Amino acid sequence: MPKNIPPPAINAAEPAPPLERRYRERLLRIDDVCYLTGLGRSTVYAKVKGDAFPNPVQLHGACVAWRESEVDAWIDARPLATAPVPIKPQRRNAVKVQP
């Protein structure tokens, strides 16, 4: 029978240990990244080049993918919209009546 071992005391000055994931890290291809972020393909690559988006990992050859956790962290770091974007009413074309 195992002995009851008390949990280790946590010192408030020490940072909490990182939580362990209970799932395997997923790799997202460019179409998935575009879907999740709402960005276009060329915008994603431009942001990677400008160090404004996580770098992809090399799978093989020219095949790359992004770690899901890094993409999620990038999305979470985006500022919230401060006010809803107003929708302009559509103008209706006047119907010309033929005499």
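Treat the numbers as computed from the prediction; the structure is a model and nothing was measured.
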Checklist entry - Hey, mind stepping through Gln58 and Cys63 against side-chain contact (heavy atoms from CB on, under 4.5 Å) and telling me if it holds? => result CA-CA 6 Å; Gln58 188 78 38; Cys63 183; 5.7 Å; no
Checklist outcome for this item: Across all chains, not counting sequence neighbours, the side chain to side chain contact (heavy atoms under 4.5 Å, CB included) partners of Ala73 are none
Item to check | Nearest non-hydrogen partners of Val44 and Cys34, listed with the distance | outcome: CG2-SG, 4.2 Å
Item to check | Rounded distance (nearest 0.5 Å) linking atom CG of Asp31 with atom CG of Leu36 | outcome: 11.0 Å
Checklist entry - So do the side chains of Tyr45 and Ile30 get within less than 4.5 Å of each other, counting heavy atoms only? => result yes
Next on the checklist: Check this for me: does any side-chain nitrogen of one of Arg67 and Asp72 sit under 4.0 Å from a carboxylate oxygen of the other?
Outcome noted: no
Checklist entry - Okay, side chain of Thr43, backbone of Leu39: is any donor-acceptor separation there less than 3.5 Å? => result no
Checklist entry - So, Trp74 side chain and Ala52 main chain: donor-acceptor pair closer than 3.5 Å or not? => result yes
Checklist entry - Does some side-chain heavy atom of Glu70 sit less than 4.5 Å from a side-chain heavy atom of Asn55? => result no
Item to check | Any side-chain heavy-atom pair of Val57 and Val64 under 4.5 Å | outcome: no
Checklist entry - Among all residues two or more places apart in sequence or in another chain, which pass the side chain to side chain contact (heavy atoms under 4.5 Å, CB included) test with Arg26? => result Leu28, Glu68
Checklist entry - Are the side chain of Trp66 and the backbone of Pro54 linked by a donor-acceptor contact shorter than 3.5 Å? => result yes
Next on the checklist: Less than 4.5 Å apart, side chain to side chain, heavy atoms only: is that true for Val33 and Arg41?
Outcome noted: no
